[in-house]
Each structure stands twice: as structure tokens, then as C-alpha cells.
Asker: 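Sharing a structure with you now.
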There are 2 protein chains.
Amino acid sequence: MVTMRPATADSQSVQDFLKAVYTLQQKMERVSTNALAEMLSISAPSVTDMAHRMMLAELVNYEKYHGVRLTETGEREALRVIRRHRLIELYLVTDLGYALHEVHDEAEQLEHAVSDRFIAALAEKLDHPTLDSHGEVIPGIDGTCHYRELHTPSQFPIGIKAKVACLNSNNPEILQHLMGKGFTLGSQVEIITREPFEGPLTVLIDGKTVMVGYTVATYISVEQDKGAGK
Amino acid sequence: MVTMRPATADSQSVQDFLKAVYTLQQKMERVSTNALAEMLSISAPSVTDMAHRMMLAELVNYEKYHGVRLTETGEREALRVIRRHRLIELYLVTDLGYALHEVHDEAEQLEHAVSDRFIAALAEKLDHPTLDSHGEVIPGIDGTCHYRELHTPSQFPIGIKAKVACLNSNNPEILQHLMGKGFTLGSQVEIITREPFEGPLTVLIDGKTVMVGYTVATYISVEQDKGAGK
DNA sequence: CATTATTTTTAGAATAGCCTAAACTACTAC
DNA sequence: GTAGTAGTTTAGGCTATTCTAAAAATAATG
Ligand SMILES: [Mn+2]
Ligand SMILES: [Mn+2]
Ligand SMILES: [Mn+2]
Ligand SMILES: [Mn+2]
């Protein structure tokens, strides 16, 4: 720590770190080392160390005992990696016959290995998409994100028709479970009943009635049907 | 060196090392540390070190001062990586619009990052090809290679019609130079004149007459036209 | 506002890959 | 066969990334 060299933005660890900070930043002002350790599955001391080195590289702003925040450079880099990740995920489903639950782990590796040339080819082939195979927003080359107004079934009013807009889990088992119930992007859904105390939901999906646990439902986002009055 | 842990076959360094040994083994009985250092662009001591660790992992047979040879396991692994590399190269040209000179460097990274699932998808999509975009043999999943009888222009008799069967350079500049002259896989070629002392060749390619330097011509392999008497 | 509990950082260490400089072996030529 | 040269290995070191155990700081509690 007397001599500490700055991190380089092109390593796998640094890129995953940037993504993790970006994601956690959406929910909290500053991101704690513990939260990062949890998300990255590494020890807290490793996070502290990385935070120091990325501070020197001016990718994050780090204050001892008060967590981390992305700098402008850091955010740009994070969005670049997220763009890669999501373009790859979409491509795997669209052109290589992957099932949704298979794409995340593959993309987690490929995002670091692939060249800008490769990403450009994918973007071109997919006709510059803005949503990936989970329904998550793909940032543009300039970092712009076209967010939509989404809702979680657990907070969406009963009786309103909506469409599944995002299945935002990275866990293959959860995704398989949800898709097994009929939740796929674009499905028509309507909440029929909602049990209190974080109980299960009864949902009408494309005409079929199914039950879903509260916890697993938090990985679903729906979008109100266009044209349907609020 | 008192305690030395065996290498693990799934690291980038180890995989590239295996490929290098495999390639050099075609031309020499045992592969020297210097030859490997040269091919891998690392120092000779690094090669010695790696040789030791890969010996412990039973991937190579290494004898001090007498170089290295792949074990059966090592050869299987090497062929697996070569298969990946070449399927990726073919895919990049066929489906993603890459030019031949762009594929090698990309494949050199991707071969380590991609899953077996991914490779299976490529093989399927390309209809289980046996030749990559350079014209090199793609080993099967079981390691089998369907070699052809190829010739270098510099040793091929004058006046015989042949087809370009392989452009086996990894150097983008060389490939661009050759393709600029009209050498592409499948082109009709006929040697018109050959200068002595490793001098240039005059070649008829698809009707056009071009000159090629001796050195650069060593990266071309041709196959005698089928049906044309020897 | 003390005391405890939780979080975070420091200290010290390991591993894979790499390096340079120095020592050593093996082959080549008298 | 001995000297010289070319090729290899050993010795010693460095970096990035990870870890565990211990110390320190912050946050929560009564
Ligand atoms: Mn993902
Ligand atoms: Mn990743
Ligand atoms: Mn190649
Ligand atoms: Mn490689």
C-alpha cells in the first residue's frame, strides 16, 4: 500500500467491478465494500484493495469507510461493458439458439474477450437493438439508455392488463422456473389475486391462470399495455 | 521450484502453450524452449517454468535441456483449442462479415472465453465444417483431422493447374497483401515462371498474371485440380 | 453517551505469469 | 578432446488478484 499501482480498465476484474458499482449505484447513493463483495463473490478486503487502485485510475471516487461512487470515466466504462454484455446476450438467443437461462454466464465471459469490431458486427446484425433478451436496456455507444416505466407484479394494481417487459434475474434456475410458468417477454399478464404478507400471486398469463411466489415475482417487470387507459 | 503446483489446463497461457507445442511438433521431434519462447513471445525462462508446471499436470513430457513433447492428454487438449480457434475463425467470416485478415486475433482471445455450448452452436450453424476460413483443417470433437495433400507454389511444377487451398498466415498484413493479389480460397492458379535463388514467382490467378515474392508465397498452399491428370 | 455490534480496513500471505541477469549444458570446431 | 558458442536453466523479483486474521472505525442500542 505504500506503493500501489493504479488499476487498468481493461482487466476482467476491473470491468466486473465497474458493472457491479453501476448496478448498485441505482439503489444507493454510495456503494459499500460489503455490497460489492457480496455481488462479486470476493472478500471485503479484496474490494477495499480494488477500490484503492481504481481510485488511482480515476474510475471511482472512494472514501474510507464510506464506500465508492463511479467517476464520469468510470460510468462511461461501466456502460460500455454493460452494452457489450447485453448485445451478446441478445445475440446468443437470436442467432445461436440459446435459451434465456443460458446466456448470462456466457456473456459474463465474452464481454471481456471480444473486440469493438465484434460488438459493432453484432449491433449491426441485430439492427441496433435497445433491449436485450431479458428485456433490459442496451446502452448506446454513447452511453444513452432509453428507460421505460416498468412495474413489479407485487405493486401493480389488480385487474389491469399488462405485458411482461423484463425478466431480470441472472440465475438460470429462477429463469427456467418463470419461463416454465409461461412468463416470457411480451406475454399478456393480469394480476388476479395477491395474498398479503409477501404471499403468492395469482396471475393470468396469455389466458392461463398460474401462481407465483412473491420472491420470485420480484424478478419480473411488466409494462402497462399501450392504448389501455390508465 | 521446491514447491511447484501443476498447471491447470483451463488457463489462457496453458492453452496457448499447448497449441504452440502442437504446431511446432509437426516439424520437429521435440520442441525446444527457445522455439516456444519465440512463438509465444515470452522469455525462455518463462517457457521453462511453464514446461515444469505442465509436466506436473501431465500435459507434456519435458526433459531438461531436451525440450518438450505433448502427452496424449496434452494433444487432446491442444486439438480441442485448435478446433475452437478455427470454428470461431470460420464463423467470423461466414456470419459476422469479418475479412480473413481480421479473424485470427479475435479468435486467439475467444477460443479461451467461449463455452462448449457456444462451440457446439457454431459447429451446428456452420454444418460441421472441416475447413476454416484460412483453409486449415478443423479437428473433429474427437480430435480427428482430415488432412489433404497440399503443395507450396515454390515446389509445385510449372504449368500445372491448381486451386488455392490454404492461406496459412496469422499476419494481417501478409494476408491483405496476398488477397490483394487475388489469392483467395478456391482461386485457380498456375505457376508461369519461377526465378532461382528464392526469387519471385509469376502466377496466373483466375486469368490474371501476378508476381509474388518467394517468402510471402510460402504462406500459400495449393491443391492439384481434381480430375486433372497428374 | 457509553457499550456493543457491525462494517471496514490493515497486515500479512499465496498463486499464476511474467521478467532479467547469471550460471550452466550441450553441441561444434578445431 | 578442449575451447567456444549457442541454447537452457536457476535465482531472484515483480504485479495483479485473491485470501484470512486482526485491528479499527462507524453505527446501533439502551
Ligand atoms: Mn446478464
Ligand atoms: Mn464479466
Ligand atoms: Mn488463426
Ligand atoms: Mn489464444
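Below, chains carry the letters A, B, ... as their sequence lines are ordered, and counting in each starts from 1. None of these values were measured; they are calculated from a predicted model.
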Asker: Under a 4.5 Å cut-off applied to non-hydrogen side-chain atoms, are B:Thr152 and B:Ile220 in contact?
Answerer: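 In short, these two side chains do not touch, never coming nearer than 4.5 Å.
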Asker: For DNA chain C, determine which residues of residues 49-60 of chain B have any heavy atom closer than 4.0 angstrom to one of its atoms, and list them numerically.
Answerer: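 Per residue number, the list reads B:Arg53.
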Asker: Using side chain to side chain contact (heavy atoms under 4.5 Å, CB included), reason through A:Tyr22 and A:Val81 one step at a time and then give a plain yes or no.
Answerer: CA-CA 11 Å; A:Tyr22 183 89; A:Val81 182; over 6 Å; no
Asker: Suppose the criterion is side chain to side chain donor-acceptor pair (under 3.5 Å): which pairs have a residue in residues 25-40 of chain B, not counting sequence neighbours?
Answerer: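 Only B:Arg30-B:Asn61 qualify under side chain to side chain donor-acceptor pair (under 3.5 Å).
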Asker: Distance check: side-chain N/O of A:Tyr62 vs OP1/OP2 of C:dT8, anything under 4.0 Å?
Answerer: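 The answer is no; no side-chain N or O of A:Tyr62 sits under 4.0 Å from OP1 or OP2.
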Asker: If you look only at distance, which donor and acceptor atoms sit under 3.5 Å apart when one is on a side chain in residues 8-16 of chain A and the other is two or more places apart or in another chain?
Answerer:
residue: A:Thr8; atom: OG1; partner: A:Asp10; partner atom: OD1; Å: 3.4
residue: A:Ser11; atom: OG; partner: A:Ser13; partner atom: N; Å: 3.4
residue: A:Ser11; atom: OG; partner: A:Val14; partner atom: N; Å: 3.1
residue: A:Gln15; atom: OE1; partner: A:His112; partner atom: ND1; Å: 2.6
residue: A:Asp16; atom: OD1; partner: A:His112; partner atom: NE2; Å: 3.0

Asker: Do any of residues 26-37 of chain B sit with a heavy atom less than 4.0 Å from DNA chain D, and if so which?
Answerer: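 Within residues 26-37 of chain B, the residues near DNA chain D are B:Ser32, B:Thr33, B:Asn34.
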Asker: Using atom CE of B:Met4 as one end and atom P of C:dA16 as the other, report the distance to the nearest whole Å.
Answerer: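 These atoms are roughly 9 Å apart.
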Asker: Going by heavy atoms closer than 4.0 Å, what residues in residues 39-48 of chain B are next to DNA chain D?
Answerer: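 Nucleic-acid contacts, sorted: B:Ala44, B:Pro45, B:Thr48.
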Asker: For A:His104 together with A:His85, are the ring centres under 6.0 Å from each other?
Answerer: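 Close enough - the centres of the two rings lie under 6.0 Å apart.
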Asker: Kindly determine whether A:Ser115 and B:Glu106 satisfy side chain to side chain donor-acceptor pair (under 3.5 Å), including the steps that lead there.
Answerer: CA-CA 7 Å; A:Ser115 70; B:Glu106 189 88 56; 2.4 Å; yes
Asker: Which residues pass the ring pair (Phe, Tyr, Trp, His ring centres under 6.0 Å) test with A:His52, not counting sequence neighbours?
Answerer: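 A:His52: ring pair (Phe, Tyr, Trp, His ring centres under 6.0 Å) contacts with A:Tyr62.
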Asker: List the residues meeting side chain to side chain donor-acceptor pair (under 3.5 Å) with A:Asp105, not counting sequence neighbours, and say none if there are none.
Answerer: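 Expected list: none.
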Asker: Hey, are the side chains of B:Leu96 and A:Tyr91 touching, using non-hydrogen atoms and a 4.5 Å cut-off?
Answerer: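 Side-chain contact under 4.5 Å: yes.
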Asker: Could you list by number each residue of residues 10-24 of chain B showing a heavy-atom separation from DNA chain D of less than 4.0 Å, or answer none if no residue does?
Answerer: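 Hits under 4.0 Å, by residue number: none.
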Asker: Rounded to whole angstroms, how far apart are CD on A:Glu38 and P on C:dT6?
Answerer: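 Checked: the CD to P distance equals 16 Å.
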Asker: Under 4.0 Å between a Lys/Arg side-chain N and an Asp/Glu carboxylate O for A:Arg80 and A:Asp142?
Answerer: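 Between A:Asp142 and A:Arg80 there is no salt bridge, as every charged N stays at least 4.0 Å from the carboxylate O atoms.
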Asker: Salt bridge (Lys or Arg N to Asp or Glu O under 4.0 Å) with A:Glu108: which residues, sequence neighbours excluded?
Answerer: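 Testing A:Glu108 for salt bridge (Lys or Arg N to Asp or Glu O under 4.0 Å), a comparison that skips the adjacent residues, returns A:Lys19.
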Asker: Enter the distance from A:Leu167:CG to A:Ser133:OG here, rounded to the nearest 0.5 Å.
Answerer: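 It is 10.0 Å, given to the nearest 0.5 Å.
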Asker: Side chains of A:Leu131 and A:Ile138: closer than 4.5 Å at any heavy-atom pair?
Answerer: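 No; the side chains remain at least 4.5 Å from each other.
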Asker: Summarise protein proximity over nucleotides 23-28 of chain D in one line of letters, 5' to 3': B for base, S for sugar-phosphate only, - for none, counting protein heavy atoms closer than 4.0 Å.
Answerer: --SS--
Asker: Sequence neighbours excluded, which residues qualify as side chain to side chain donor-acceptor pair (under 3.5 Å) partners of B:Ser41?
Answerer: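 Checked B:Ser41 against side chain to side chain donor-acceptor pair (under 3.5 Å); zero matches.
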Asker: Taking only residues two or more places apart in sequence, or in another chain, which ones meet B:Lys125 in a salt bridge (Lys or Arg N to Asp or Glu O under 4.0 Å)?
Answerer: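 Per chain and number, B:Lys125 pairs via salt bridge (Lys or Arg N to Asp or Glu O under 4.0 Å) with B:Asp95.
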